[in-house]
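See below for the structure under consideration.
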Amino acid sequence: PAHPTAANRPAPWVMPTACPVCGSPLHKPEDEAVWRCENSSCPAKLRRGLEHFASRGAMNIEGMGESLIAQLAESGLVKSIADVYLLTADALEGLDRMGRKSAANVMTEIEKSKGNEVWRLLYGLGIRHVGERGAQVLADHFGSIADIERASLEELQLVREIGPVLAAAVRTWFDEPRNRELIARLRAAGVTMTGERKVAA
């Protein structure tokens with residue numbers, strides 16, 4: 001068989017450096033094989049992210065289950081976690097199996113979630129490696145989302161119980177501009193961003 005010429009030889013595959021869905025830069029920790037998109041508002045990650053955000057362990061928004069979240073994402077009513085706080089009862093009533101009472105109940109739960117403790121928000125953001133305990137430790141140490149956002153890698157690593165992998169994951173998440181924009185939008189919506197610093201910094 002004839003050898004392929006340079007003209008018809010397939011080009012070598014190159015790993016993309018940006019997410020094919022949202023265009024955000026992809027990140028890969030040195031000790032891992034997988035490249036990841038860190039943008040919490042990426043459409044490819046949105047449904048799972050919303051389910052985690054609304055879950056009992058995180059922001060605990062009762063009534064915001066898988067089927068409602070699927071409708072919110074597919075209808076375009078919610079394109080980012082922050083859009084949850086822009087929803088109206090009228091918009092919810094227009095969805096399948098969502099009557100006036102159910103819509104009102106969900107709106108009450110959304111409003112209530114604004115006052116949650118800071119660690120719940122931090123956990124709900126879905127930052128890789130940050131479980132409930134890690135979120136509590138960070139919130140207790142820094143006291144506010146703004147202080148965690150500003151913390152250097154070294155400052156994060158100095159926190160008791162926070163290892164280098166978790167510290168790097170937090171720093172990478174807050175280095176993504178779209179995530180910082182998400183935090184700004186949540187702050188503007190009235191979500192609690194400051195708590196009580198419970199250990200000496």
Using atom types as modelled and distance alone, determine if a side-chain donor or acceptor of [X] lies under 3.5 Å from a backbone N or O of [Y].
{"X": "Ser102", "Y": "Met98", "value": "no"}
{"X": "Ser55", "Y": "His52", "value": "yes"}
{"X": "Arg171", "Y": "Glu149", "value": "yes"}
{"X": "Asn105", "Y": "Gly63", "value": "no"}

Straight-line distance of [X] [atom1] to [Y] [atom2], nearest 0.5 Å:
{"X": "Leu182", "Y": "Ser80", "atom1": "CG", "atom2": "OG", "value": "5.0 Å"}
{"X": "Gln157", "Y": "Ser152", "atom1": "CD", "atom2": "OG", "value": "8.5 Å"}
{"X": "Met107", "Y": "Thr88", "atom1": "CE", "atom2": "OG1", "value": "6.5 Å"}
{"X": "Leu26", "Y": "Cys37", "atom1": "CG", "atom2": "SG", "value": "6.5 Å"}
{"X": "Glu51", "Y": "Leu46", "atom1": "CD", "atom2": "CG", "value": "10.0 Å"}

Pairwise ring pair (Phe, Tyr, Trp, His ring centres under 6.0 Å) hits with a residue in residues 83-104, at least two apart: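 Matches after skipping sequence neighbours: none remain.
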
Which heavy-atom pair separates [X] from [Y] by the least distance, and what is that distance?
{"X": "Leu121", "Y": "Thr192", "value": "CD2-O, 3.7 Å"}
{"X": "Arg185", "Y": "Asp83", "value": "NH2-OD1, 2.5 Å"}
{"X": "Val118", "Y": "Ala139", "value": "CG1-CB, 4.2 Å"}
{"X": "Phe53", "Y": "Leu125", "value": "CD1-N, 4.5 Å"}
{"X": "Leu186", "Y": "Ala82", "value": "CD2-CA, 3.8 Å"}
{"X": "Gly124", "Y": "Ala58", "value": "CA-CB, 3.6 Å"}

Would you say that [X] contacts [Y] through its side chain, given a criterion of any heavy-atom pair below 4.5 Å between the two side chains?
{"X": "Leu166", "Y": "Leu138", "answer": "yes"}
{"X": "Ile145", "Y": "Phe174", "answer": "yes"}
{"X": "Val191", "Y": "Met59", "answer": "yes"}

side-chain hydrogen bond (donor to acceptor under 3.5 Å, both in side chains): which pairs involve residues 122-138, sequence neighbours left out?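 Qualifying pairs: Glu32-Arg128, Arg133-Glu161.
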
Partner residues of [X] under the side chain to side chain contact (heavy atoms under 4.5 Å, CB included) criterion, sequence neighbours left out:
{"X": "Thr17", "result": "none"}
{"X": "Arg150", "result": "Ala146, Asp147"}
{"X": "Asn60", "result": "Arg56, Arg120"}

Would you please name every residue forming a side chain to side chain donor-acceptor pair (under 3.5 Å) with [X], sequence neighbours left out?
{"X": "Asn116", "answer": "none"}
{"X": "Arg178", "answer": "Ser24"}
{"X": "Glu117", "answer": "Trp119"}
{"X": "Glu74", "answer": "Arg47"}

Mind checking what makes salt bridge (Lys or Arg N to Asp or Glu O under 4.0 Å) contact with Glu111, not counting sequence neighbours?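 In terms of salt bridge (Lys or Arg N to Asp or Glu O under 4.0 Å), with neighbours along the sequence ignored, Glu111 is linked to Lys114.
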
Would you please name every residue forming a salt bridge (Lys or Arg N to Asp or Glu O under 4.0 Å) with Glu93, sequence neighbours left out?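 Glu93 satisfies salt bridge (Lys or Arg N to Asp or Glu O under 4.0 Å) with Arg100 once adjacent residues are dropped.
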
Go through Arg160 and Val137 one step at a time and tell me if the side-chain contact (heavy atoms from CB on, under 4.5 Å) criterion holds. CA-CA 8 Å; Arg160 190 173 50 82; Val137 168; 5.7 Å; no

Please set out all donor-acceptor pairs under 3.5 angstrom arising from side-chain atoms of residues 64-72, sequence neighbours excluded.
residue	atom	partner	partner atom	Å
Gln71	OE1	Asp96	N	2.9
Gln71	NE2	Asp96	O	3.3

Report the C-alpha distance between Phe142 and Thr194 in whole Å, list the side-chain angles of each, state the deciding distance to 0.1 Å, and finish with yes or no for side-chain contact (heavy atoms from CB on, under 4.5 Å). CA-CA 9 Å; Phe142 289 101; Thr194 305; over 6 Å; no

